[in-house]
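Have a look at the structure below before the remarks.
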Amino acid sequence: MGFEGIGASVRRKEDHRFLSGRGSYTDDINRPGQLYAVIRRADRPHAKILGIDTAAASAAPGVSAVYTGAELEADGVGGVPCGWQVHSKDGSPMAEPPHPVLAIGKVRHVGDPVAVVIAATRQQAKNAAELLVIDYEDLPAIAAVRDAVAAGAPLVHDDVPGNVCFDWHIGDKAIVDAAFAQAAHVVELDLTNNRLVPNAMEPRAAIGDFDRSSGEFTLYTTSQNPHVIRLLMGAFVLHIPEHKLRVVAPDVGGGFGSKIYHYAEEAIVTWAAGKLHRPVKWTCDRSEAFMSDAHGRDHSSKAAMALDAQGKFLALRVSTLANMGAYLSTFAPAIPTYLSATLLAGVYTTPAIYAEVKAVFTHTVPVDAYRGAGRPESAYLLERLVDVIAHDTGLDRVAIRRLNFIPRDAFPYQTPVALNYDSGDYQATLKSALAAADWDGFPARRQAAAARGKLRGIGISTYVEACGIAPSKLVGQLGARAGLYEVANIRVHPTGSVTVLTGTHSHGQGHETTFAQLVSDQLGIPIDQVDVVHGDTAKIPFGMGTYGSRSLAVGGSAMVKAMDKVIAKGKKIAAHLMEASVEDIEFKDGRFSVAGTDKSKALAEISLAAYVPHNYPIEELEPGLDETAFYDPKNFTFPGGCHICEVEIDRDTGTVTVANMVAVDDVGRVINPMIVEGQVQGGLAQGIGQALMENAVYDSEAQLVTGSFMDYQMPRAHDFPPMITSTENTLCTHNPLGSKGVGETGAIGCPPAVINAVVDALRDYGVRHLDMPATPQKIWSIIQANQPRMAAE
Amino acid sequence: MPQVSLTVNGRSHTAEIEGRTLLVELLRENMGLTGTHVGCDTSQCGACVVHVDGESVKSCTMLAIQANGAAVTTIEGIAESDGTLHPMQAMFREHHALQCGFCTPGMVMSAIDLVQMHPEGLTEDQIRHGLEGNLCRCTGYHNIVKAIAAAWPIMHGKELPLAAE
Ligand code: FES
Ligand code: FES
């Protein structure tokens, strides 16, 4: 075997099945006797439900049942719970209005589920759903955050005044105000972070199943965290105890956050399976996904930086309106607050920061984490602001960043907004990115482009983010209603092969390979002797799932801890077998040896002795070699880096072409460089998508205008140049691997770099800022509006 | 109900279906060939691409009945009978051109057709534009483009005249 351990670009174990069409995604699963559920959703944003006539639908061919919110409520089905409670400035808890599984009394966004039809075939269920007659009384609706907080705005929930879910803050306002009063310059910027639809390529799906003999429910679902779904749905919605509820998340076709949350459809199919004693399957259409998958971003912010005469940042003040949508999704309240405002120091030494976040309800799909979850919003705000500071003061964009960087020797670094960064080297990633992007050669390229009639710009962003969520005690204090440790079980089988059970979940990240490499490296066995199992609550002891780039930093650390236990027990067995003392046993490259002798035993010999304990210290030691560890992280991890984008704009059409995209990231210890590169490339594509094309648009009446791939521009292959990616790593100091996480860096660092490049390309047109996405129409309009001035120059 | 007879991955198959049944529904639900995926309802994502009489087709956009008498190849049918991967499958693995794997079957089927249609060579730009009908949310396409360029010489048995990168 070639080198397969930590640091090798091992080709993925999971690929053969995916490439041969043998993946097993939720919609590929069919249970005997299965029925099909189709959900009738609100086609309007806000209305009273005066009545639902189910007679024709119930009588339609093949229909087994039609259920509305009333039936579920009567049966004691609870609302969809929120997993994070944020408190307002005045100490009061956030408003947490009910989120019924099927609408009761009112609908509050286009796509709000109203009724479910269950039939023998999907087509029959679809046909019957059309026959439901829903009598609505339309009510006024709002979609934009600024409209939601305007005086007299229609209320999303009658008992939530002003549509304000919470009004939160962080930092010391008095110190910040004092710094502003003394500042040589103050630079202000208003900006929005555009609303996005995650659009994992696999639409969501769920199958509920009920076993009449055992009384056990099984839910197959497109989830990033099956144990969390079991916890939320079992305890809060359907009141099924854990031992009677199994949640399976098989192969999942991408998540990007959108498959973290507990969704109503999961509860509907599970509940209906119990009622009908038949499996019930629901598969989301893409158009349905646009109005039912949690959306991302949608922040509107005002930012101001106070500077001294040299350009040193003295204080930052930020005020954000964050759109929650119509109901609170699982992690929604944490995104603009603890996952965003806490990152507002960025990579800079800004000594004083004050941020306020007002979270508001609107008549839109719930908003929650999407790749980056809060950190892209803070990185975008800061990195745009820094460029605007350079623009307004005439300071150089790179020099001002360098001047304000947290220096390499300042770690651990306590920011004024709660986080304590353990490690990083922002000068190193910057230097390396400037070289890779040939920053100094840019003026020549700009000139060459101008000769071709094109506008060329270059943009930079230097960012830090927080991954590896997170110490349970800390997040508990911040309002999380769960612990955020991770669990691993290392099962060494009698003949020495290993099954790894992990509470994380892979939906594209390649865990089956990366974790096998990690185990192979530590236990000294080939990776084909290691299988990684995830996504089934009946197999895995427990776990909190995959999001926030936590799988390796937290889940991998749990594996290391479990392997340490395996090795410690193995040493005792080896000492017995080789008649040595435990202290003299060393473990290396898969062998236990007696120090200073040539006596040694392979892991497989030790495991065999553990399971066939004929010659075994049975008085002191239990048989078996199977260890579980729960790892609770000591801190977040802090990946960071520098992204540089170069764009070219066609004057006649306003089209932006990405000419070059460079990312140099610090992700800590890398297990599989090939997979890390792939993660960065995918993140960059989503970042460029956000910056240049993606936008979830609601009209002024809160109708969703971008409701399919026809209207929502997804990035395609020809939207990108080849991407230049590399890493400059410093190690995480508080987990056993030194790994930080890589899943989101691309989507976090990239959007400001792209917009900074676009603004740079338009520098002769008097542009100080423009909001994402930088569509051809927007840019064409800017060029047109400024042409007379240009002509005069 | 109308009857459809076709060959799928070399095996003949006859089924009674509703007239409105889509080819992808026949493959997935009637024949259990779940390698072909459905990622949208507007014929835009390409997760459902199969070959019908050698040409790539979005199977969500074709009625099963239209494939009557045709030879259909799906992702399950392109490896050798001994399990050896098709060069395109092998290069996707080699170049890490898949992450979650959901777009992959359609992407591979489109890519094979693209390479077959261009015996004269393929530039990187042609590959990127050739993937117009296939969405991938995971990879950023970078490695998919690399994999296709790497499969070209193997499939055509000669050097790629215009290097893709
Ligand atoms: S399923 Fe999207 S194009 Fe066929
Ligand atoms: S690999 Fe996930 S969509 Fe392409």
Side-chain angles (χ1 to χ4, degrees), chain A residues 9 11-12 14-25 27-30 122-123 198-203 251-256 283 285-288 506-510 674-675 677-686 688 708-710 714-720 722-723 725 746, chain B residues 18 20-21 28-29 32-45 47 74-79 83 85-86 88-90 92-105 108 124-125 127-146 165:
Chain A
S9 284
R11 300 303 184 265
R12 299 200 321 170
E14 45 272 81
D15 284 356
H16 202 281
R17 106 171 157 267
F18 292 142
L19 281 163
S20 325
R22 274 191 243 117
S24 177
Y25 301 87
D27 190 51
D28 300 341
I29 296 169
N30 292 298
R122 191 158 186 244
Q123 200 55 54
N199 277 323
M201 289 317 300
E202 178 204 23
D251 287 329
V252 171
F256 315 112
T283 306
D285 284 334
R286 177 61 60 185
S287 311
E288 194 181 5
S506 186
H507 28 281
Q509 297 88 340
M674 174 190 84
I675 288 178
E677 247 179 53
Q679 288 295 308
V680 175
Q681 290 158 356
L684 293 175
Q686 289 179 359
I688 293 170
S708 78
F709 286 153
M710 309 275 278
M714 288 281 283
R716 292 177 188 270
H718 56 74
D719 292 317
F720 304 111
M723 295 163 182
T725 62
Chain B
E18 279 190 67
R20 65 182 162 193
T21 305
R28 287 183 57 83
E29 274 143 48
L33 292 170
T34 54
T36 302
H37 296 155
V38 177
C40 74
D41 46 11
T42 51
S43 198
Q44 307 231 288
C45 75
T74 71
I75 189 73
E76 289 94 342
I78 56 169
L85 294 178
H86 183 282
M88 191 62 75
Q89 291 170 304
F92 264 59
R93 178 160 193 266
E94 178 60 23
H95 293 279
H96 186 32
L98 65 154
Q99 291 182 22
C100 78
F102 196 80
C103 73
T104 307
V108 167
E124 184 204 319
D125 200 49
I127 295 173
R128 288 184 181 272
H129 281 275
L131 296 177
E132 169 75 42
N134 292 77
L135 289 173
C136 174
R137 194 55 152 167
C138 296
T139 62
Y141 305 98
H142 182 98
N143 288 340
I144 294 176
V145 175
K146 265 167 70 175
E165 257 183 77

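Chain naming here is simple, since letters A, B, ... match the order of the sequence lines and numbering starts at 1 in each.
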[X] to [Y] - nearest heavy-atom pair and separation:
X	Y	result
A/G678	B/N143	CA-ND2, 4.4 Å
B/T139	A/Q681	O-CB, 3.6 Å
B/H96	A/I675	NE2-CA, 3.7 Å
A/Y25	B/G101	OH-C, 3.1 Å

Could you tell me whether the side chain of [Y] reaches within less than 4.5 Å of the side chain of [X], counting heavy atoms only?
X	Y	result
A/F18	B/P105	no
A/P722	B/E124	yes
A/M201	B/L135	yes
A/R12	B/L98	yes
B/R128	A/F720	yes

Checklist entry - Do side-chain atoms of A/R716 reach the backbone of B/L131 as a donor and acceptor pair under 3.5 angstrom? => result no

Checklist entry - Would you say B/R137's side chain and A/P198's backbone share a donor-acceptor pair under 3.5 angstrom? => result yes

Checklist outcome for this item: If one checks every heavy atom of A/S287 against chain B at 4.5 Å, the contacting part turns out to be both

Item to check | Structural part of A/V680 lying under 4.5 Å from a heavy atom of chain B | outcome: neither

